[in-house]
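First the structure, in the form of structure tokens, and then the observations on it.
In this text, all values refer to a predicted model and were calculated from it rather than measured experimentally.
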Amino acid sequence: MSASAFTLHVPDEPVGLAGTWLSQVADGAGFADVLAGNGGLTDWLWRRWSFLTSSGMTRDLFSEIVLGYQRELWLWLVGERTWTQACSGLTGRLARRMALLAAPVG
């Protein structure tokens, strides 16, 4: 499957989980740790987009990309961005990375 052969959908907002993640940060956990930890947003998104492995995306690379987008994700979590804004930006970032993975070397 080429990078252009798929479109990432914006899944429904994880409203209940967002409250849990925000509480974890309020209790002193680092936001990156909450994002990447068990049950964090990275896990949640990976379960929805794990088909990316068929195009060469690894779970580790996926986590790196999500963590690289944490500022916008934080703004969503605290209510400064909508879920659609934050997640759409992340899907664009992932699509660009997938295009680089699919590009011929040389």
Side-chain angles (χ1 to χ4, degrees):
M1 176 187 299
S2 73
S4 62
F6 66 85
T7 301
L8 291 174
H9 69 287
V10 173
D12 290 340
E13 184 174 7
V15 176
L17 289 171
T20 299
W21 298 325
L22 190 55
S23 292
Q24 290 172 345
V25 173
D27 289 341
F31 184 55
D33 295 331
V34 172
L35 276 179
N38 289 336
L41 182 61
T42 302
D43 280 348
W44 188 85
L45 287 169
W46 184 250
R47 285 193 305 273
R48 282 141 186 84
W49 296 334
S50 62
F51 68 89
L52 292 173
T53 58
S54 64
S55 296
M57 177 71 67
T58 65
R59 175 69 166 76
D60 288 341
L61 179 57
F62 182 79
S63 292
E64 177 185 315
I65 294 167
V66 172
L67 286 172
Y69 203 68
Q70 68 181 292
R71 180 175 182 271
E72 293 298 318
L73 295 171
W74 173 253
L75 292 172
W76 157 70
L77 196 60
V78 298
E80 294 295 321
R81 298 280 190 278
T82 67
W83 170 247
T84 301
Q85 288 170 324
C87 197
S88 293
L90 180 59
T91 62
R93 182 174 283 215
L94 286 161
R96 288 186 297 277
R97 183 64 67 96
M98 292 306 301
L100 291 174
L101 289 174
V105 176

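- The distance from atom CD of Gln70 to atom CG of Leu77, rounded to the nearest 0.5 Å, is 11.5 Å.
- In this structure, CZ on Arg93 lies 8.5 Å from CD on Glu72, to the nearest 0.5 angstrom.
- Separating the CZ atom in Phe51 from the CG atom in Leu8 is a distance of 4.5 Å, to the nearest 0.5 Å.
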### Task
Could you go through the side-chain contact (heavy atoms from CB on, under 4.5 Å) check for Val66 and Leu94 one step at a time?
CA-CA 9 Å; Val66 172; Leu94 286 161; 5.6 Å; no
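- With values rounded to the nearest 0.5 angstrom, Met98 atom CE is found 13.0 Å from Thr91 atom OG1.
- Under a hydrophobic clustering in which Ile, Leu, Val, Met, Phe, Trp and Tyr are joined whenever their side-chain heavy atoms come within less than 4.5 Å, directly or via other members, Val10 and Leu75 fall into different clusters.
- Hydrophobic clustering of Ile, Leu, Val, Met, Phe, Trp and Tyr side chains at less than 4.5 Å, counting indirect connections, unites Leu90 with Leu17.
- Residue Leu45 holds its CG atom at 8.0 Å from CG of Leu73, rounded to the nearest 0.5 Å.
- Tyr69 contributes atom OH, which lies 12.0 Å from atom CG of Leu41 (distance to the nearest 0.5 angstrom).
- Across all their heavy atoms, Arg48 and His9 have their closest contact at O-CE1, 4.1 Å.
- Other residues, nucleotides and ligands contribute only 12 or fewer heavy atoms inside 6.0 Å of the CG atom of Asp12.
- Side-chain atoms of Phe31 and Leu22, non-hydrogen and from C-beta on, never get closer than 4.5 Å to each other.
- Residue-environment remark: CZ (Arg47) exceeds the threshold of 12 foreign heavy atoms within 6.0 Å.
- Here the side chains of Val34 and Thr20 are not in contact, with every heavy-atom distance at 4.5 Å or above.
- Closest non-hydrogen pair, Asp43 versus Asn38, comes out as OD2-CA, 3.3 Å.
- The shortest non-hydrogen separation linking Arg81 to Gln85 is CA-OE1, 3.3 Å.
- In terms of heavy atoms, Trp83 sits closest to Pro11 at NE1-O, 2.7 Å.
- Aromatic ring orientation, Phe62 versus Trp46: tilted (interplanar angle from 30° to 60°).
- Considering all non-hydrogen atoms of both residues, Ala86 and Trp76 come closest at CB-CB, 3.6 Å.
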